[in-house]
Amino acid sequence: MQKWFEEAKLGIFIHYGIYAVDGVAESWSFYNGRLSYEDYMKQLDGFTASRFDAERWAELIERSGARYAVLTTKHHDGVALWDTRQSELNVVKRTPAGRDLVREYADAIRARGIRCGLYYSLIDWSHPDYPSVFEGGRAPDDLSAVNRFSAPADGVQRPEAWERFLAFNDAQLRELLTDYGPVDLLWFDGDWERSAEQWGLPAFKQRLLELRPELIVNSRLQGYGDYKTPEQGLPITRPEGPWEFCTTINASWGYVPTDHKYKSVGQIIRMFCDCIAMGGNMLLDIGPREDGTIDERQEAALLGLGGWIRDHEEAVFGTGEGVMTRYYPGGSTLSADRRTLYLFVRDEPKESVCLKGLCNPIRRASVLHSGQELEWEIHGGVPWFDIPGTTWIGLKPEQTHEQVTVIKLEFDNEIDMYGGSGAVVTHN
């Protein structure tokens, strides 16, 4: 795993494609029968990207505090956002946009020092060779229920067609990794329709690494990914190893104008705090309109999160997961030298903030965003058995941040929590 990923904390996911024309769910709207495949593909004629400005996107991503971004280069519908040589089904050749959007995006974000991530769907519901092999290598009795858009009517297995499809995927990915590099991360989707053997793993991943040795791949590669990617449901306990929580600002990945179920800036910040307190990243999704502009509510969410991060950079970057929630339930992060603990205070305190199990004496306590010093006191404890008391940190409502407040606790030595050896960095 590349160190930059574990230190990044925040990425921005971008679901952009022809599905924004009618504001329907990306690919799934025809797969689930909400509209016909033919009507879905008519959106090609309305995709203009007329106000697409990659520099504007990159500026917004930078202001959000994100250190990496991931763009949907091709969703399950098979429509590529770059000028692929493998298919005519791309926005350069088949839409009024006539632009290589992946190139503009990649160049713009790299110019601002943001790591370049590309989403790529392993499955392609428009490719004529894709449905020739099914899970377990057997076609279902009812072909109309699975990939009915181009499934062979006779249901006969054609291994040579599947090999052609794998070669097609290989060729497209080679284009992305060699013509649009350096690519830092590939975010796969769709592995669940086939087995690792059918995808040709692990040789498939090895070919990618030969093109880009520093490449990071997400978990949707039948067990051959580099980090876990829980989606929409924030983990209750910390996933093992490197991980990233991907989620939407409202309830949709792509642009759906009728979706008004937006998370507040405060809720997004709280989710972000949960992620970094458990040692993970958050990948926050936006869905641009067909013309390339971004809904003002989505932009406000990114800027609000970015404002909070700027006020608390010290508690975000260069830190790791904090103490167990049994010591402090609100979540925390810990400095690299393990001598500074940052406590997230999510609500206005009724009286004071409670920290249990702290064995170290505190040298200084302060509010991070203002630098104002805080007083604390310790009640209880059994010193002859080395059992610490309870630390109560005074925090008044007027000292809090309008979103999540961060209390900074500084120590002369590495933090030591009762019941743990050295710094306790594993959540329960």
Side-chain angles (χ1 to χ4, degrees), residues 17 27 31 37 41 44 71-94 100-103 106 117-140 143 146-183 185-226:
S27 306
Y31 186 87
Y37 175 79
M41 283 300 174
L44 287 164
L71 171 67
T72 51
T73 65
K74 188 185 78 168
H75 208 270
H76 311 327
D77 57 16
V79 181
L81 297 193
W82 79 98
D83 193 12
T84 176
R85 297 181 292 276
Q86 311 309 316
S87 168
E88 294 292 310
L89 189 54
N90 64 74
V91 298
V92 181
K93 296 183 177 75
R94 291 285 304 277
D100 191 324
L101 304 178
V102 174
R103 185 171 304 284
L118 302 178
Y119 168 110
Y120 182 86
S121 173
L122 290 166
I123 58 180
D124 187 330
W125 291 331
S126 292
H127 197 286
D129 290 325
Y130 174 71
S132 63
V133 176
F134 298 91
E135 184 65 38
R138 294 181 302 179
L143 279 168
V146 181
N147 295 338
R148 53 197 175 278
F149 320 106
S150 56
D154 57 10
V156 175
Q157 297 303 293
R158 297 179 176 87
E160 68 279 6
W162 180 246
E163 292 302 318
R164 286 196 303 268
F165 179 73
L166 292 180
F168 167 79
N169 268 2
D170 274 5
Q172 283 202 326
L173 288 164
R174 179 177 289 274
E175 288 179 356
L176 291 173
L177 291 178
T178 58
D179 299 349
Y180 299 84
V183 175
L185 186 152
L186 274 181
W187 211 101
F188 284 123
D189 199 7
D191 68 318
W192 29 266
E193 281 205 342
R194 298 292 179 270
S195 67
E197 181 181 5
Q198 287 173 328
W199 288 122
L201 291 161
F204 169 58
K205 185 180 180 183
Q206 184 57 40
R207 290 194 296 274
L208 299 176
L209 293 177
E210 289 171 359
L211 295 172
R212 173 68 172 155
E214 299 84 6
L215 185 70
I216 296 174
V217 177
N218 73 329
S219 60
R220 298 183 184 184
L221 200 63
Q222 289 292 349
Y224 289 89
D226 300 315

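All of these numbers come straight from a predicted model, not from anything done at the bench.
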Kindly say whether W187 contributes a backbone atom to a donor-acceptor pair with the side chain of N218 at under 3.5 angstrom? no
Salt bridge between D189 and R220, side-chain N to carboxylate O under 4.0 Å? yes
Given side chains that start at C-beta, do those of D179 and R85 come closer than 4.5 Å, heavy atoms only? yes
Do you know which of N90, L44, D124 makes side-chain contact (heavy atoms from CB on, under 4.5 Å) with V79? L44
Less than 4.5 Å apart, side chain to side chain, heavy atoms only: is that true for L176 and Y120? yes
Mark yes or no for whether D100, through its side chain, and W82, through its backbone, hold a donor-acceptor pair below 3.5 Å. no
Spacing of S121 atom OG and D77 atom CG [to the nearest 0.5 Å]: 8.0 Å
Do side-chain atoms of E193 reach the backbone of I123 as a donor and acceptor pair under 3.5 angstrom? no
Hey, are D83 and R103 close enough for a salt bridge, meaning a charged N less than 4.0 Å from a carboxylate O? no
I want to check something: taking the side chain as every heavy atom from C-beta on, are R164 and Y130 in contact at a cut-off of under 4.5 Å? no
Between L186 and L208, does a side chain to side chain contact (heavy atoms under 4.5 Å, CB included) hold up when you go through it step by step? CA-CA 10 Å; L186 274 181; L208 299 176; 4.1 Å; yes
With heavy-atom distances below 4.5 Å as the criterion, would you say the side chains of L211 and T178 are in contact? yes
Closest heavy-atom pair and its distance - H75, S27: ND1-OG, 2.8 Å
Please answer whether the main-chain N or O of K74 pairs with a side-chain N or O of T72 as donor and acceptor at a distance below 3.5 Å. no
If the test is side-chain hydrogen bond (donor to acceptor under 3.5 Å, both in side chains), which one of R174, E175, Q172 qualifies with Q86? E175
Shortest non-hydrogen contact between L81 and L71, atoms and distance: CD1-CD1, 4.3 Å
Could you tell me whether H127 and F165 have their ring centroids closer than 6.0 angstrom? yes
Pick from F188, W162, Y224, F204: which one makes a ring pair (Phe, Tyr, Trp, His ring centres under 6.0 Å) with W199? W162
Can you check whether Y119's main-chain N or O pairs, donor with acceptor, with T73's side chain at less than 3.5 Å? yes
Pairing residues for E214 by the salt bridge (Lys or Arg N to Asp or Glu O under 4.0 Å) criterion, not counting sequence neighbours: R212
Heavy atoms of K93 and T84 approach each other most closely as NZ-O, 3.2 Å
Spacing of Q222 atom CD and R194 atom CZ [to the nearest 0.5 Å]: 10.5 Å
Quick one: are V217 and L185 in side-chain contact, heavy atoms under 4.5 Å? no
Correct closest heavy-atom pair for D226 and L215 would be OD2-O, 4.0 Å
Looking only at non-hydrogen atoms, find the nearest pair between S126 and M41 and report the distance. OG-CE, 3.2 Å
